[in-house]
Amino acid sequence: MNPANVPPWGCPWHGLVKAGQLELPNGEFIDYPQPFGFWYHQGVTHGVRHPDAPGDPRAPEQVAADAALGREWRSSAILAGLGCQLYGKSLGTAQWIYIDPLGARWLASTTLSQVYGATRQVTLQRFGDFGAEPESYTYTFAVPPYGNTTPALSITSTQFDMCSIKPDGSAALFVMGGVYGPEIADIFPWAPLGWIELSLSGPGTDCVPVCEVVKTRAQALGAYSYSENYVPQREWEQGPNSDPVYGTDDVLGRTIQLYFKFFRSRYLSSNTSTLTDRVMAMFYSPSGERQELTLSMEGSGTVVATQEDMVFLEESYTGTMSYQTHQVMDVTFKLNGVAIDSRKYEFERTDTNDVVSGEGKEGAYGTLNASWTITSARSTDYSPGEVLSEGPTVEEFEVGFQGFPPRSGSIGFLTMYGTLMDDANDAARSVLDGFLYYAYFAGASSNTAGFRPVMHSINMYSIADIRVYDGGVTKMLTVGDCLTPAGKIYAPPIERAQSAGNIFGSWCPDTNSVARDFVPVCWV
Amino acid sequence: MALGDSRRASGVTLEQQRRAIGTNNEKARRDIGKSNEASRRGTAQLVDDLNRLTVPAKEPRRLRTIQPRGLLPAARGTASNLPKPVSNSGGGGIASPLTEQDYLAREFWPDGLVSSDGLFFMPAVKKVVMQDANGESATFEYAQPVSP
């Protein structure tokens, strides 16, 4: 037998599976089992690379002839979905292929789970050898404490998933998550709260497993800080029966005649907030390097909030009151410490009130202008991932206000953590549903802008911009590029209403292609 | 036959031979005369000589005639494949059929066929032990695969 005379064999069917149909490279479709699991499993892919895989060594014209028939003999394989489907056939939940140093293949499975145990087992079964005697070996390994008890969180249930496999199967990563509730479950199903790695070395007949906690809960949460400085500037009241008062408005910096009953409270507030290196995901790169995707945020701003009510008494009055508000929030995703995607949200407000009054009349109020400026830093030279970007973009997002006075409450980022977290321990929750930043006025309908991290599958993420328009119409725009184990990869943006279901996605470890859709998709 | 008779018979034969020679000589001389006469008159030779002086017109070459094609009439062909009689006489040979008695006795080379992604391996057979119809063992030993 001369192997050179034997055509390549294995599985030639590769492409994107959607609704049980696999689209082949020649544009034709064939039936193919859709990878299954929870929605965030349905697009997950694990690349498998055997160092001695022959691939397709034939002449280019033979390869082209097969490609015309939709066939492609790849030198690598993909395990797809929760069941780690290979060639459309499930290997089993959380089972993978270990290629030992001798090149032998073993089907690996473990008893590691969210229920902690001091020792656990991993079993290796000989895999892929036709005609060989069945072999199976079970090894016991020590499990270090998961480190998932501090800080205490108000989570209701926990999650444990295999999230990534090294291309040679010599290590697998497991994520521990905390489930808060169903309110955002369609976007980010659980807060990642720690990672465990199980490594295998040596031949399958004499394997050495090692278990390591690579991120404790505290490490996964990152560092969080928030400070607010509240300075009341002026609060006074002119009683209803007093004589006209001449006074100086120290806010406006000018002297005016006050002939009216005037209630005002005015305060100045400034705040700063930071969230540093919140670990959102961990996975192995195509070359087998362990990577971490982190989120960092830094916000600051000054807010002047006013409550006022006026009833004018006698003589006419003309005055001008104005103030400005400026809020900035930087959001950055990093892969191994290298920024690969970012957003800058800037809120600028200029409030000018021209108050004209006369006897017994109420004041007529002027104009208020406010706008969001959202800057997306969509250019990066991160490697090794393929980067297709459009360069920096700036989006002006007009904010309209209705029902002008009375207005009260908070503006901009002032509420970003206060209404979303009971204490710093709930920083994990803020990652899930805390990234809406409102230009919010009580009693008024306003446009808002914000963002959320989106999990498309357990190893593909992106940033979604949130828009809430006047009238409550909400849209979610996944304009951000896809964040994958291979880095940032461009995908066409898709738009949908918020809370309208999952946004499925899949990354192909062979071609670095990505797909986002409203129905399950997966590369095989 | 008497001696006298033999001499007489010999004399007659010699006489007949001499007569025949004379007749042939006379005929040959007459033929030479006829040939010389024809040559002088120039009849056949003249034509040949004239033909040598002229360039003969070439006969145009024609393609061979091909019969017009069409549906061939159905026809039935027959062939016979007579099985050779099985010889069970032995005589040092292998008696068919050969049957493998123990699959686990097979031996494989460490080399073989690998799927394109390297995940599946089909080893090449190295040795197979068969048993023939007479219960005799027959061993097949295959060469080691060569690298592509």
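Values below: every heavy atom of this structure, side chains too, minus hydrogens, waters and symmetry copies. Letters A, B, ... are given to chains in the order of the sequence lines, protein chains preceding strands, and every chain is numbered from 1.
Between B/Trp109 and B/Val125, the shortest heavy-atom distance links the atoms CD1-O, 3.5 Å. Closest non-hydrogen pair, A/Gln95 versus A/Leu107, comes out as OE1-CD2, 3.5 Å.
A/Glu135 and A/Tyr137 are linked by a side-chain donor-acceptor pair at a separation below 3.5 angstrom, with hydrogens and angles left out of the test. Defined by atom type and a distance below 3.5 Å, a donor-acceptor pair is present between the side-chain atoms of B/Asp117 and A/Tyr87. At a cut-off of 3.5 Å, with distance as the only test, no side-chain donor of A/Asn459 or A/Trp507 sits close to an acceptor on the other residue.
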Inset, instruction - Apply the test side chain to side chain contact (heavy atoms under 4.5 Å, CB included) to residues A/Ser506 and A/Val514: give CA-CA distance (whole Å), side-chain angles for both, the deciding distance (0.1 Å), then the verdict. - result: CA-CA 6 Å; A/Ser506 185; A/Val514 292; over 6 Å; no
Inset, instruction - Start with the C-alpha gap between A/Thr138 and A/Thr123, add the side-chain angles, then the distance that decides, and say whether side chain to side chain donor-acceptor pair (under 3.5 Å) holds. - result: CA-CA 4 Å; A/Thr138 296; A/Thr123 298; 2.9 Å; yes
Inset, instruction - Run the numbers on A/Asp129 and A/Arg105 for side chain to side chain contact (heavy atoms under 4.5 Å, CB included), then give the verdict. - result: CA-CA 8 Å; A/Asp129 279 355; A/Arg105 299 146 301 272; 2.4 Å; yes
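Looking at B/Tyr142, neither its backbone nor its side chain comes within 4.5 Å of chain A, counting heavy atoms on both sides.
Residues of residues 46-53 of chain A having a heavy atom under 4.5 Å from any heavy atom of chain B, listed by number: A/Val48, A/His50, A/Ala53. Among residues 58-78 of chain A, the residues having any heavy atom closer than 4.5 Å to a heavy atom of chain B are, in sequence order, A/Trp73, A/Arg74, A/Ser75, A/Ser76, A/Ala77. Contacts with chain B (heavy atom to heavy atom, under 4.5 Å) involve no residue of residues 15-24 of chain A.
Checked against side chain to side chain contact (heavy atoms under 4.5 Å, CB included), B/Gln131 has the following partners two or more places apart in sequence or in another chain: B/Gln101.
Aromatic rings of A/Tyr98 and A/Phe127 (six-membered ring for Trp) have centroids beyond the 6.0 Å cut-off, not under it.
Between B/Glu141 and B/Lys126 no salt bridge is recorded (no basic side-chain N to carboxylate O distance below 4.0 Å).
With hydrogens and angles ignored, the 3.5 Å screen pairs a side-chain donor or acceptor of A/Asn26 with a backbone N or O of A/Glu28.
Atom CG of A/Leu82 sits about 7.5 Å away from atom OG of A/Ser90, to the nearest 0.5 Å.
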